[in-house]
There are 2 protein chains.
Amino acid sequence: MTRTSSSTETPTPGVPPARGVPEATVARLPLYLRALTALVERGVATVSSEELATSAGVNSAKLRKDLSYLGSYGTRGVGYEVDFLRHQISREIGLTQDWAVVIVGIGNLGHALANYGGFASRGFRIAALVDADPKRTGEKVAGLEVRHTDELEQLINDLDIHIGVVATPARAAQPVCDRLVAAGVTSILNFAPAIVQVPEGVDLRKVDLSTELQILAYHEQRKNGAALALTAEQAAELAEAVNG
Amino acid sequence: MTRTSSSTETPTPGVPPARGVPEATVARLPLYLRALTALVERGVATVSSEELATSAGVNSAKLRKDLSYLGSYGTRGVGYEVDFLRHQISREIGLTQDWAVVIVGIGNLGHALANYGGFASRGFRIAALVDADPKRTGEKVAGLEVRHTDELEQLINDLDIHIGVVATPARAAQPVCDRLVAAGVTSILNFAPAIVQVPEGVDLRKVDLSTELQILAYHEQRKNGAALALTAEQAAELAEAVNG
DNA sequence: GCAACTTTGTGCACGCCTTCACAAGTGTCC
DNA sequence: GGACACTTGTGAAGGCGTGCACAAAGTTGC
Ligand SMILES: NC(=O)c1ccc[n+]([C@@H]2O[C@H](COP(=O)([O-])OP(=O)(O)OC[C@H]3O[C@@H](n4cnc5c(N)ncnc54)[C@H](O)[C@@H]3O)[C@@H](O)[C@H]2O)c1
Ligand SMILES: NC(=O)c1ccc[n+]([C@@H]2O[C@H](COP(=O)([O-])OP(=O)(O)OC[C@H]3O[C@@H](n4cnc5c(N)ncnc54)[C@H](O)[C@@H]3O)[C@@H](O)[C@H]2O)c1
């Protein structure tokens with residue numbers, strides 16, 4: 001993915017600093033952006049790494065190191081200018097342009113996503129809604145008409161869509177992703193609980209509800225008296241271990 | 001209620017192996033579980049680490065090491081017995097019991113979550129739906145009646161709920177989490193784009209849609225000709241860099 | 001202009017996670 | 001019964017991320 005070192009290619013010009021920002025840092029930039037936006041709304045002009053770190057829920061050293069990958073945007077003895085820093089992070093992430101997004105699968109979740117206001121306010125524009133069910137086509141959702149899957153490639157092309165959101169049943173996820181990629185989409189956010197393969201150069205992220213719940217359950221099981229979680233079989237195993 | 005060691009220093013009996021499974025491994029167990037379930041449905045009886053790893057989308061050495069934390073459940077020269085391994089992982093995660101879940105905030109997303117069938121099939125039972133809006137109380141969603149926030153504590157107590165899902169607006173997330181925790185919930189899954197603080201001993205995970213999209217946008221910006229993403233300001237900076 | 005104070009940016013050490021590579025088992029075939 | 005083929009389980013190495021601690025750099029007050 002981070003194949004910036006090609007012999008003939010220039011080292012990614014156009015987006016000035018940007019060289020090799022660690023993935024862990026990239027994942028936190030949206031967090032900082034959100035905290036900064038809240039500060040702007042409260043009318044705060046300057047913020048120290050300590051304050052910003054607290055409101056973003058991270059360690060202040062980590063915050064400073066993260067920001068240092070973008071450049072030296074702070075002033076020693078003072079802190080960071082809120083609005084300026086926000087702009088820099090925004091630019092780094094690529095939120096100065098707006099991204100056209102297609103949502104595939106307009107069921108329960110697809111409806112919620114389409115109606116969600118949090119996209120537009122963050123630089124993402126839902127450009128198309130697509131479903132395979134003819135009964136859904138034509139339906140208006142959040143001011144957009146649901147189109148049939150047959151039109152997927154056409155829409156991606158016409159509307160210059162680079163980002164796809166998949167909210168179909170798990171079974172359909174791989175074929176849908178294949179079509180998205182073939183049509184030119186290079187970033188996919190997948191909500192379906194399926195393992196999807198995509199070619200090199202395509203970014204795939206997944207939001208997996210049941211995985212999250214299962215991780216919680218794992219820890220939960222180890223908290224409030226593990227004895228409560230004893231099944232008959234487990235109790236037998238335990239007894240055997242203790243007696244043997 | 002911080003660590004598993006309450007008064008007696010017993011090394012957590014009841015859940016046999018379980019000792020210090022790395023967090024990264026825990027996060028992958030649900031993935032393996034899903035792959036195994038798919039194999040069961042296809043009638044496969046035995047699987048090698050190589051095959052299972054491929055279908056789970058991970059490195060086979062990593063898979064074997066992950067499984068080794070649970071115990072030696074494989075047979076050299078053969079592989080893993082699908083159904084047996086699935087049961088072991090299931091038990092490790094704590095899916096042999098079913099967990100009661102409360103969803104707070106029955107708006108767009110809350111409705112989708114409530115109607116989602118993927119909970120029950122994975123050991124989670126939606127036990128209560130709660131909203132602050134009196135207009136929503138009484139409404140039937142997925143066979144459950146939406147209750148008013150006033151009843152939150154009562155419901156958590158009566159239904160022995162340990163897991164809470166927060167789907168309220170960001171502003172309400174912290175107060176709602178505070179109430180959940182005060183009422184005895186020790187695991188929270190938060191969908192609201194807010195930084196929430198919880199006391200030690202409470203697990204908080206977040207699903208953050210806009211963060212995911214922003215991470216995709218970051219990488220997207222660096223792919224297809226960064227030149228396209230040039231703003232006037234950036235072009236000036238670039239020109240300066242090249243000329244100077 | 002200087003001293004005291006504040007806060008950034010980063011070198012460094014530590015720990016976790018990933019991956020390779022291989023010895024140690026297990027089943028099969030003759 | 002023994003050689004062979006296969007697969008697990010794990011030691012060791014390398015890479016990445018985190019957080020401490022501090023020097024460098026800037027501001028304020030006099
Ligand atoms: N509902 C939730 O809260 C929720 C939560 C987490 C994950 N998910 C996952 O998200 C996905 C969607 O969930 P849902 O509850 O909206 O399901 P749903 O059945 O309500 O909606 C699925 C939609 O996808 C459409 N579809 C099916 N095949 C398609 C194809 N090949 N191309 C285009 N559209 C197609 C269907 O017509 C339907 O409208 C599922 O994989 C589910 O597991 C849902
Ligand atoms: N809709 C989506 O697809 C989506 C996607 C990602 C994140 N989110 C986030 O999830 C949250 C919910 O989104 P939504 O689209 O469902 O919003 P929504 O406005 O449709 O629903 C919010 C619900 O929460 C209820 N509520 C408000 N305050 C409450 C309180 N103190 N206690 C209990 N209930 C309360 C409201 O009455 C309303 O029914 C938001 O924070 C949103 O940013 C939504």
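Below, each value reflects all heavy atoms present in this structure, side chains not excepted, and no hydrogens, waters or symmetry copies. Please read all numbers here as calculations on a predicted model, not as lab measurements. Every chain is numbered from 1, with letters handed out A, B, ... down the list of sequences.
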From D/dT18, D/dT8, C/dT10, nucleotide with atom closest to A/Ser68 side chain: C/dT10

5′-ward residue of the pair A/Val47/B/Ala61 relative to DNA chain C: A/Val47

Under 3.5 Å side-chain donor-acceptor pair for B/Gln221 and A/His162: no

Between C1' of D/dG9 and CG of B/Leu67, the distance in whole Å: 10 Å

Flag, side chain of A/Arg222 to backbone of A/Tyr218, donor-acceptor distance under 3.5 Å: yes

Nearest listed nucleotide, side chain of A/Ala24, among D/dT18, C/dC17, C/dT10: D/dT18

Heavy-atom donor-acceptor pair, A/Lys65 side-chain to D/dG17 base, under 3.5 Å: no

B/Tyr69 OH to C/dC17 P, straight-line distance once rounded to whole Å: 8 Å

A/Glu50 side chain to A/Ser60 backbone, donor-acceptor under 3.5 Å: no

Rounded interatomic separation in angstrom, taking CZ from A/Arg64 and P from C/dG11: 14 Å

Under 3.5 Å donor-acceptor, B/Ser90 side chain and B/His87 backbone: no

Spacing of B/Asn59 atom CG relative to C/dC20 atom P, expressed in whole Å: 6 Å

Given C/dG9, C/dT18, D/dT27, the nucleotide with the shortest approach to the side chain of A/Val78: D/dT27

Separation of C/dC5 C1' from A/Glu50 CD (nearest whole Å): 16 Å

N/O donor-acceptor pair, side chain A/Arg76 with base C/dT7, under 3.5 angstrom: no

Interatomic distance, A/Tyr73 OH vs C/dT10 P [rounded to whole Å]: 13 Å

Distance in angstrom units between B/Phe84 CZ and D/dT8 P, rounded: 15 Å

Closest to side chain of B/Ser48, choosing from C/dT8, C/dT18, D/dT8: D/dT8

Sole candidate of A/Arg205, A/Arg122, A/Arg34 that passes salt bridge (charged side-chain N to carboxylate O under 4.0 Å, His left out) when paired with B/Asp208: A/Arg34

Under-4.0 Å side-chain N/O to phosphate OP1/OP2 contact, A/Ser49 with C/dT7: no

Between C1' of C/dT8 and CG of A/Leu70, the distance in whole Å: 14 Å

